[in-house]
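Everything on this sheet refers to the single structure shown next.
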Protein chains: 2
Amino acid sequence: MGAKRKLDYDCPIRDVLDRVGDAWSVLTILELSKGPCRFNALKRVIDGISQRMLAVTLRNLERDGLVSRQVLPTAPPQVEYALTDRGHSLHGAIGALNAWAVEHQPGIRRDRSHYDQRPKLV
Amino acid sequence: MGAKRKLDYDCPIRDVLDRVGDAWSVLTILELSKGPCRFNALKRVIDGISQRMLAVTLRNLERDGLVSRQVLPTAPPQVEYALTDRGHSLHGAIGALNAWAVEHQPGIRRDRSHYDQRPKLV
DNA sequence: TCTCATAGTTACGTCAAGGGAACCGCCCTT
DNA sequence: AAGGGCGGTTCCCTTGACGTAACTATGAGA
């Protein structure tokens with residue numbers, strides 16, 4: 001069984017982790033938390049994302065009701081993406097994790113380099 | 001550049017996501033949150049994990065100071081893994097995310113199947 | 001002596017996530 | 001008429017994550 005186990009998700013957190021574990025999803029949510037944004041604007045501001053991955057990511061977020069997609073009747077038609085209420089609440093939850101990360105990163109960094117430098121005393 | 005971008009992590013949340021996004025890490029933390037446990041005991045209780053992945057996962061968790069590894073002077077030597085304080089606090093943060101997941105899963109499920117059934121009105 | 005358990009490591013093959021680039025129709029500007 | 005931005009889709013190919021299986025050492029028990 002190669003790669004990721006997309007196994008039966010009776011477990012709710014797995015559903016979330018599938019989204020939160022994906023870096024592009026998180027970055028997209030973080031960007032959209034600042035306000036609605038259009039496709040190419042997102043593409044420009046999310047550093048390193050490919051056009052394809054942005055499309056895929058937005059589709060998944062939309063599918064989960066985290067992001068809304070609105071086609072503006074302009075010419076040429078523009079598409080505006082925004083966080084839904086649910087998306088905003090997930091952003092909050094991610095914020096909590098982010099707070100943990102910010103608080104503990106220095107210690108983790110320290111332990112990590114310490115671990116890497118120690119001899120292999122298997 | 002295939003698969004995951006292990007890019008420069010100035011961003012703390014990326015560090016966390018690298019761990020939290022990994023299903024095995026989360027499952028391991030959840031198991032260890034119940035109390036210390038030995039290698040093969042973990043292997044038996046974490047459904048579907050391979051020996052190799054458990055070893056890799058534990059190494060990474062230990063490296064980040066989330067899990068401690070203690071060799072017991074028994075014969076044959078047994079190795080007991082346990083959450084550190086930091087590990088416990090991460091377990092708390094994951095719990096928050098889990099709460100969000102439990103609360104929103106029904107809605108997500110609904111939206112998801114709704115999305116899947118709607119015609120492709122591109 | 002043979003086998004089992006404990007706690008791994010190493011080698012190898014596979015498979016799908018994701019990057020890159022080309023392509024699409026539409027409209028605007030030059 | 002030729003380019004350029006918008007909002008994607010489709011294809012191919014690489015690569016890294018992961019499972020499988022074999023191998024390690026040590027000591028207990030039959």
Side-chain angles (χ1 to χ4, degrees), chain A residues 1-7 14 17-28 31-32 36-63 67-82 115 119-122, chain B residues 1-7 14 17-28 31-32 36-63 67-82 120-122:
Chain A
M1 192 191 308
K4 239 171 199 165
R5 331 174 354 115
K6 298 274 179 192
L7 50 91
R14 296 309 216 82
L17 287 181
D18 247 32
R19 208 94 347 266
V20 168
D22 174 18
W24 294 136
S25 292
V26 172
L27 289 178
T28 304
E31 266 313 309
L32 287 178
C37 199
R38 288 182 297 111
F39 187 90
N40 277 329
L42 281 173
K43 183 166 172 290
R44 274 188 295 267
V45 81
I46 300 177
D47 189 51
I49 197 168
S50 67
Q51 200 160 7
R52 189 178 147 275
M53 285 317 295
L54 179 55
V56 169
T57 299
L58 287 171
R59 283 287 162 280
N60 284 329
L61 292 175
E62 190 197 355
R63 192 171 94 103
V67 156
S68 65
R69 177 178 186 271
Q70 189 187 1
V71 182
L72 303 177
T74 56
Q78 300 180 338
V79 180
E80 191 161 86
Y81 292 93
Y115 182 97
K120 265 200 163 186
L121 40 77
V122 182
Chain B
M1 192 193 307
K4 241 169 198 165
R5 333 175 349 120
K6 299 272 180 190
L7 50 90
R14 295 308 216 85
L17 288 181
D18 246 31
R19 206 91 355 261
V20 167
D22 174 17
W24 294 136
S25 292
V26 172
L27 289 177
T28 304
E31 267 313 309
L32 287 178
C37 198
R38 289 184 295 110
F39 188 90
N40 277 331
L42 281 173
K43 182 167 173 288
R44 274 188 295 268
V45 82
I46 299 176
D47 189 53
I49 197 169
S50 68
Q51 202 161 6
R52 197 181 76 89
M53 284 317 294
L54 180 56
V56 169
T57 300
L58 287 171
R59 282 287 161 281
N60 284 328
L61 291 174
E62 190 197 355
R63 192 171 95 103
V67 156
S68 65
R69 178 179 183 270
Q70 188 186 2
V71 182
L72 303 176
T74 56
Q78 299 180 338
V79 181
E80 192 162 86
Y81 291 93
K120 267 201 161 186
L121 40 78
V122 183

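Computed over heavy atoms, backbone and side chain alike; hydrogens, waters and symmetry mates excluded.
When the side-chain nitrogen and oxygen atoms of B:Arg69 are compared with OP1 and OP2 of C:dG8, one or more of them lie within a distance under 4.0 Å. For B:Arg44 and C:dT6, the shortest distance from a side-chain N or O to OP1 or OP2 is below 4.0 Å. Within the 4.0 Å cut-off from OP1 or OP2 of C:dA11, not a single side-chain nitrogen or oxygen of B:Arg52 is found. The shortest distance between the side-chain N/O atoms of B:Asn40 and the OP1/OP2 oxygens of C:dT6 is below 4.0 Å.
One can place CZ of A:Arg59 at 17 Å from C1' of C:dG18, the figure rounded to the nearest angstrom. Atom P of nucleotide C:dG18 and atom CD1 of A:Ile49 are separated by 10 Å, given to the nearest angstrom. Atom CG of B:Leu54 and atom P of C:dT9 are 11 Å apart (whole Å). Following rounding to the nearest Å, A:Met53 (CE) and D:dT14 (P) show an atom-to-atom distance of 19 Å. If you take CZ of B:Phe39 and P of D:dA25, they are 18 Å apart, rounded to a whole angstrom. The interatomic distance linking A:Asn60 (CG) with C:dA17 (C1') rounds to 12 Å, in whole Å. The distance from atom CG of B:Asp22 to atom P of C:dA17 is 16 Å, rounded to the nearest whole Å. Across the protein-nucleic acid pair, B:Leu72 atom CG and D:dG27 atom P stand 16 Å apart, rounded to whole Å.
Within the 4.5 Å cutoff, side-chain heavy atoms of A:Leu32 are placed close to those of A:Val67. In this structure, B:Leu61 and B:Arg69 have side chains that are not in contact, with every pair of non-hydrogen atoms separated by 4.5 Å or more. In this structure the side chain of A:Leu58 reaches within 4.5 angstrom of the side chain of A:Phe39, judged on heavy atoms.
For B:Gln78, counting side-chain heavy atoms from C-beta on, the closest listed nucleotide (C:dA7, D:dT9, C:dG8) is C:dA7.
Along DNA chain D, the nucleotide nearest to B:Pro77 and the one nearest to A:Tyr81 differ in position, and the one closer to the 5' end is contacted by A:Tyr81. Place A:Gln51 and A:Pro76 on DNA chain C by their nearest nucleotides, and A:Gln51 ends up nearer the 5' end.
A search for side chain to side chain contact (heavy atoms under 4.5 Å, CB included) contacts involving B:Ala82 returns B:Pro36, B:Ser68, not counting sequence neighbours. When the side chain to side chain donor-acceptor pair (under 3.5 Å) test is applied to B:Ser25, the partners found at least two apart in sequence or on another chain are B:Asp22.
Within the 4.0 angstrom heavy-atom criterion, only backbone atoms of the sugar-phosphate kind lie near A:Arg38; the bases stay farther away. Residue-level contact check: A:Ser50 touches the backbone only, with heavy atoms under 4.0 Å from sugar-phosphate atoms and none from bases.
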